[in-house]
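One structure is given below, encoded as structure tokens.
Chain naming here is simple, since letters A, B, ... match the order of the sequence lines and numbering starts at 1 in each. Everything quoted here is computed from the prediction, not taken from an experiment.
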2 protein chains.
Amino acid sequence: MARSTHPRPGKKPAKPYHHGDLRRALLDEALRTIQTYGVEHLTLRTVGERLGVSRSALYRHFADKQSLLATVGKEGFRKLRQTTTDAWEQNGRGRAGFQAMGKAYVQFAVAHPSHYRVMFGGFIESAAKDDHFLAEAKAAFKVLVDALVEQQNAGDIRRDDPVVMARFVWALFHGTAMLVIDGQLPEEVQRDPLGHYTFERLYASIRQETLRT
Amino acid sequence: MARSTHPRPGKKPAKPYHHGDLRRALLDEALRTIQTYGVEHLTLRTVGERLGVSRSALYRHFADKQSLLATVGKEGFRKLRQTTTDAWEQNGRGRAGFQAMGKAYVQFAVAHPSHYRVMFGGFIESAAKDDHFLAEAKAAFKVLVDALVEQQNAGDIRRDDPVVMARFVWALFHGTAMLVIDGQLPEEVQRDPLGHYTFERLYASIRQETLRT
DNA sequence: ACCTGAACACCGTTCAAGT
DNA sequence: ACCTGAACACCGTTCAAGT
């Protein structure tokens, strides 16, 4: 553990300067600021100050503010993936699991509106969306595709191209989430994010029609 | 038409200082900057400079940057309303008109992504959303509701609460628009914004089922 | 009534210098 | 290797002063 000589593979020398893990601390503090005050109020100076660190210390760990933001967004996609996966698996998959997944999706956005906006709101310039970011976003989308494929195999829903179906479903979840956190939907809808009606109509549109022979 | 004596008590003295209508010019220039470089690159200084006017001249016409942005957003809702109304009316209403309306909606977002983001992306703080802004947003939504009611009366679609239906449809349009302008959907989808599949599934979910007696 | 110009309190980012 | 502190070129907003 006392190794301080390492060419590349070394990422964390385990012997820090100020913090145990300043990079992690910066990310946490940034997220905290974003959640509390919104992305537009996130300043590197305050983040540094709050950690008792110079405002330029951040540049040891991130290329710039965009890079910090991209990492925050990336971690958002990971959390979103986990919460939707859990909802799907812990609610018996199938139709009930799928509904739980949709609710979990929208609820994530409602619970972390600013974080969700960082992921989708155009704050991260495309130049900053590195491979890790894109991979994480893709993985979150794949959860949806997988859930659809499984329901297709169970004969519950239509056998359309699952990726095309997933985009359709995603648009509905995403649109609902965005409208809710933008305050465009009334209070009542905020309490029941992905409402019964929405899911009923969604499922009606993708379920396997019983063939009339 | 040659009236320079205007209806409402002294708004524009018709005798300007620098520009014929600096307020209008500021809005146009702001929108131009937003469309070209994005909201996050909009600075009052550059807007002023570009119009050959001091950077503080703006404060004669708007309370602050938020107020300018709110007006830009408000005008976006008006344009959106006009384009969707036109699509609906010029395509024979009914199912075809409704599809045209959906396409027009998403196409508006694709053609003016930054403008659309100003309207929905949380750039305008809720304090800045005055009555005019909210009224314009509401009016844009009403177009959708009206189109649904008309289709209900024609017996084409379900007789659910039209406002609830409209929210459902809106979420789908909005989600599609947002995902497209965020680059989350592949190129092909960008060229055909509200794809055939999406509309097919949407209409299947809201159309009036033929009753089997 | 409308606009200017200087001033203020903020930004993100860079870079020589410290340990 | 990691961080500091001063410097730079930017912001939005205010306000006395000009016409």
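- For B:S54, no side-chain nitrogen or oxygen approaches OP1 or OP2 of C:dC3 to under 4.0 Å.
- Between A:A63 and A:T46, the one whose closest nucleotide on DNA chain C sits nearer the 5' end is A:T46.
- Test A:T84, A:D192, A:N91 against A:K103 for side chain to side chain donor-acceptor pair (under 3.5 Å) and you get one pass: A:D192.
- Nucleotide C:dT4 holds its C1' atom 14 Å from the CD atom of B:E49, rounded to whole Å.
- When each of B:D64 and B:R60 is assigned the nucleotide of DNA chain D bearing its nearest heavy atom, the one mapping closer to the 5' terminus is B:D64.
- Rounded to whole angstrom, the span from the CZ atom of A:R23 across to the C1' atom of D:dC3 amounts to 17 Å.
- One finds a side-chain N or O of B:H61 lying less than 4.0 angstrom from the OP1 or OP2 phosphate oxygen of C:dC3.
- With C:dG12, D:dT4, D:dC11 as the candidates, the nucleotide lying closest to the side chain of A:Y59 is C:dG12.
- For the pair A:H41 NE2 and D:dG12 C1', the computed distance is 12 Å after rounding to whole Å.
- Checked by distance alone, B:R45 brings a side-chain donor or acceptor within 3.5 Å of a matching partner on the base of D:dG12.
- Remark: A:R93 fails to qualify as a cation-pi partner of A:F98 under the 6.0 Å distance and 45° angle criteria applied to the six-membered ring.
- Here D:dC11 is the nucleotide among C:dT4, C:dC11, D:dC11 with the atom lying nearest to any side-chain atom of B:T43.
- When distances are taken from the side chain of A:K65 to each of C:dT13, D:dG12, C:dC3, the shortest belongs to C:dT13.
- The CZ-P distance, from A:R55 to D:dA7, rounds to 12 Å in whole Å.
- Remark: C:dC3 base-pairs with no nucleotide; criterion is Watson-Crick or G-U wobble with both hydrogen-bond distances under 3.5 Å.
- Between the CG atom of A:L58 and the P atom of D:dT4 there is a distance of 12 Å, rounded to whole Å.
- Atom CZ of B:R24 has more than 12 neighbouring heavy atoms from other residues, nucleotides or ligands inside a 6.0 Å radius.
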Can you check side-chain contact (heavy atoms from CB on, under 4.5 Å) on A:V53 and A:L58, steps first, answer last?
CA-CA 9 Å; A:V53 116; A:L58 177 140; over 6 Å; no

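- Backbone-only engagement by B:L42 is indicated by non-hydrogen atom pairs under 4.0 Å involving sugar-phosphate atoms exclusively.
- Between the side chain of A:S56 and the base of C:dG12, no donor-acceptor pair of N or O atoms lies under 3.5 Å.
- In this structure, CG of A:L26 is placed 12 Å from C1' of D:dC3, rounded to the nearest angstrom.
- Distance alone, capped at 3.5 Å, is enough to place a donor-acceptor pair between the A:H41 side chain and the A:Y37 backbone.
- In this structure, D:dA17 makes no Watson-Crick or G-U wobble pair, since no nucleotide meets both defining distances under 3.5 angstrom.
- With values rounded to the nearest 0.5 angstrom, B:F77 atom CZ is found 7.5 Å from B:Y116 atom OH.
- Protein atom CG of A:L51 is 17 Å distant from nucleotide atom P of D:dC2, rounded to whole Å.
- A:L44 places its CG atom 13 Å from the C1' atom of C:dC10, with the value rounded to the nearest Å.
- Across all strands shown, D:dC10 forms no Watson-Crick or G-U wobble pair with both distances under 3.5 Å.
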